[in-house]
Amino acid sequence: MSVRQAIPQAPPKAPVTHARPRRRGGWRYAGTVALFLLPSLVPLTLYTLIPMVGSFWTSLHEWDLITEMRWVGLGNYIELVGDPDTRAAFLHTLYFIAGYLPLVYLGGLGLAVLLNRAMPARGLLRGVYFLPVITSWVVVALMWKWLLNPASGIVNWALGLVGVSGPAGGPTPTGRCRRSSSPRPGRTWAS
């Protein structure tokens with residue numbers, strides 16, 4: 001008997017394969033996930049997706065709710081894009097957003113950092129900062145209407161004290177309203 005035969009040999013190793021890890025249950029797992037998502041999918045479909053599709057379908061027709069619907073295709077959208085009032089409304093919306101979002105995000109971040117520091121009357125300032133959350137929107141709208149009233153508002157009165165005449169409030173000869181930015185302070189304050 002040779003020495004080579006006396007030493008036990010290890011069994012040959014099986015080749016290494018890199019198979020994908022098996023998913024937990026495959027179709028069964030997907031069915032369980034779908035079962036848990038179903039309660040939220042039903043109202044989403046009924047109250048969001050179906051009305052969106054219905055609104056789009058209706059927008060492709062001319063309809064006054066009394067007579068039969070008449071197919072106009074994209075004609076309503078073409079008319080909408082060509083309307084100067086639509087462009088003006090779109091520009092007013094962009095103007096509002098450009099003034100509103102920076103005030104809300106940067107102003108909110110600045111106030112949060114400021115109110116996080118130790119300072120006198122910090123509790124009172126935090127309460128004033130939180131006040132819009134608990135105040136009714138009707139009260140907020142009436143307050144800003146009173147503050148920005150062109151004839152008797154406190155803002156115009158304060159501006160008059162320093163020699164600045166307030167706006168008349170109505171549209172200018174070009175048709176542009178001078179109070180186009182007046183919702184911005186109220187909406188920013190309430191955010």
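Computed from a prediction, not measured in an experiment: that's the story for all the values here.
For T86 (side chain) and G82 (main-chain N/O), no donor-acceptor pair under 3.5 Å exists by modelled atom type. The main-chain N or O of A151 is never found under 3.5 Å from a side-chain atom of N156 such that the two would form a donor-acceptor pair.
Under a hydrophobic-cluster definition in which Ile, Leu, Val, Met, Phe, Trp and Tyr are linked whenever side-chain heavy atoms come within less than 4.5 Å, directly or via other members, W144 and V139 are assigned to different clusters. Under the 4.5 Å side-chain heavy-atom criterion for grouping Ile, Leu, Val, Met, Phe, Trp and Tyr, L142 is not connected to W146 through any hydrophobic cluster. When hydrophobic clusters are built by joining Ile, Leu, Val, Met, Phe, Trp and Tyr residues whose side-chain heavy atoms come closer than 4.5 Å, directly or via intermediates, L46 is grouped together with L38. There is no path of hydrophobic side-chain contacts, each under 4.5 Å, that joins L94 to V104. Clustering ILVMFWY residues whenever any of their side-chain heavy atoms sit less than 4.5 angstrom apart, transitively, puts V81 in a cluster other than the one holding F90.
The local environment of OH in Y77 is crowded, with over 12 non-hydrogen atoms from other residues, nucleotides or ligands closer than 6.0 Å.
The line from CG of L106 to CG of L111 is 11.0 Å long, rounded to the nearest 0.5 Å. Here the CZ atom belonging to F130 is positioned 13.0 Å from the CG atom belonging to L115, to the nearest 0.5 angstrom. Distance OH/Y100 to OH/Y105: 7.5 Å, rounded to 0.5 Å. Here the CG-CG distance, from L80 to D85, works out to 10.5 Å after rounding to the nearest 0.5 Å. Atom OG1 of residue T48 and atom CG of residue L41 lie 10.5 Å apart, to the nearest 0.5 angstrom. With values rounded to the nearest 0.5 angstrom, L101 atom CG is found 8.5 Å from F96 atom CZ.
Between E79 and V72 the shortest side-chain heavy-atom distance does not fall below 4.5 Å. Side-chain contact check for N116 versus R126: some heavy-atom pair is nearer than 4.5 Å.
Sorted by first and then second residue, the pairs that involve residues 48-71 and meet salt bridge (Lys or Arg N to Asp or Glu O under 4.0 Å), not counting sequence neighbours, are E62-R70.
Shown here are the side chain to side chain contact (heavy atoms under 4.5 Å, CB included) partners of L161, two or more places apart in sequence or in another chain: W157.
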Compile the donor-acceptor pairs under 3.5 Å between side chains in residues 49-58 and protein atoms, sequence neighbours left out, one pair per line.
from: S55; atom 1: OG; to: P51; atom 2: O; distance (Å): 2.9
from: T58; atom 1: OG1; to: G54; atom 2: O; distance (Å): 2.8

